[in-house]
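Worksheet: the structure to be examined is printed underneath.
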Amino acid sequence: MTTAPIALAGQELSADLDADALSRLVGLVDHDAANDPFPVIGMDAVVFVCGNATQTAHYFQSAWGMDLVAYSGPEVGNRDHTAYVLTSGSARFVIQGGVAPDSPLLDEHRRHGDGVVDLAMEVTDVDRCIVHARGQGAHILVEPHDRTDEFGTVRMAAIATYGHTRHTLVDRSRYTGPYLPGYVARRSSFVRRPGAPSRLFQALDHAVGNVELGRMNEWVHFYNKVMGFVNMAEFVGDDIATEYSALMSKVVANGNHRVKFPLNEPAVGKRKSQIDEYLEFYTEPGCQHLAQATGDILAAVDALRAEGVEFLSTPDSYYDDPVLRERIGHVRVPVAELKKRAILVDRDEDGYLLQIFTKPLGDRPTIFFELIERHGSLGFGKGNFKALFESIEREQAARGNL
Ligand code: FE2
């Protein structure tokens, strides 16, 4: 197979990430982009709707070490909503909140609470992607169109995916502005604490969707057909069942694995699964968690804890389990350092990974974050699913939702 060099997204180029560094961070594989019906460069942005975008933007700066780079709102002619654009390495978040009392974003927030409404992808040819997607039966929400300002032109379109989530497609090859037309460059007066790492995470590793009971395969098929995504891994049955609840999960990815979307559906268990709880409180399918790739998960967790970010706990028995110790083998730090921080470790045939999960970010038990530090492993921490789900269930029980 011929292998095209990895095309870095604009964000990656400006974040001092070279192809090798990115490849190690998020686990890339070789891919023939020339024959791809839907060539994706990478994630363009994760767009959130929040109840208070102004304060959420502050949280992502103060706790998660992100940089404010652009803004839209009433001061720049957008009377409907505010939007703050934040970056960390190649990861870009756009935090939107309704301003006008009749803003559609306020209706959206009423239904979902804080959450992700758009997993936008940077592509080389919006029109080619849309022709392919339409031919495969995708629902085109926004037809290809140009948006222009003094920084150039972007070409954009959008496709519907699970729930009310969408994938905006962006070709920004002819654009040099801070984000999109309608946004202005904006910095913040926020100053990091002395000694804090300059960046806690460098890229988005994967974005997980929770879909309806019995529809996971349909959505896997959707990504296979509409976007030409390949199947990476699947987890069913005993892999991810605890005493009380269960789920099934399959992972789809673009050709070089730059964009990875695991898809979960609830499975029948003795009690309500974590996916059922999500679907009840988000009121429909949606994005369950975002995994941020970091080069130093220990430093990141220490900095996040110091700012009050809460993580799921892991019982000591996890680290003392001789079977786990045996399976982990040698990792870059003593297990005691992981135990102290409740960082999980998993190993597969390609290497190992370190990971940890936050508690829900907002008021509802819906979206949360993962930090992941990969050392060769291309997996998702299958060996940790049981420990993770037991931890989530302790939280669910405390909320009265198990
Ligand atoms: Fe994950």
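When a ligand or atom number is given, it counts from 1 through the structure's own listing order.
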The Fe ion (ligand 1) -> His206, closest N, O or S atom is NE2

Strictly under 6.0 Å, is that where the ring centroids of Tyr278 and His289 end up? no

For His289, the N, O or S atom at the shortest distance from the Fe ion (ligand 1) is NE2

- prompt: Is it the case that Arg258 places NZ or CZ above or below the six-membered ring of Phe229, under 6.0 angstrom from the centre and within 45 degrees of the axis?
  reply: no

- Message: Determine whether Asp302 and Arg341 satisfy the following criterion, side chain to side chain contact (heavy atoms under 4.5 Å, CB included), listing intermediate values before the conclusion.
- Response: CA-CA 8 Å; Asp302 289 348; Arg341 296 170 176 84; 2.8 Å; yes

The N/O/S atom of Glu370 lying closest to the Fe ion (ligand 1) is OE1

Residue Asp205, metal the Fe ion (ligand 1), N/O/S under 2.8 Å
no

Before you tell me yes or no, could you show the steps for Ile41 and Thr124 under side chain to side chain contact (heavy atoms under 4.5 Å, CB included), namely the whole-Å CA-CA distance, both residues' side-chain angles and the distance that decides it to 0.1 Å?
CA-CA 7 Å; Ile41 298 173; Thr124 48; 3.6 Å; yes

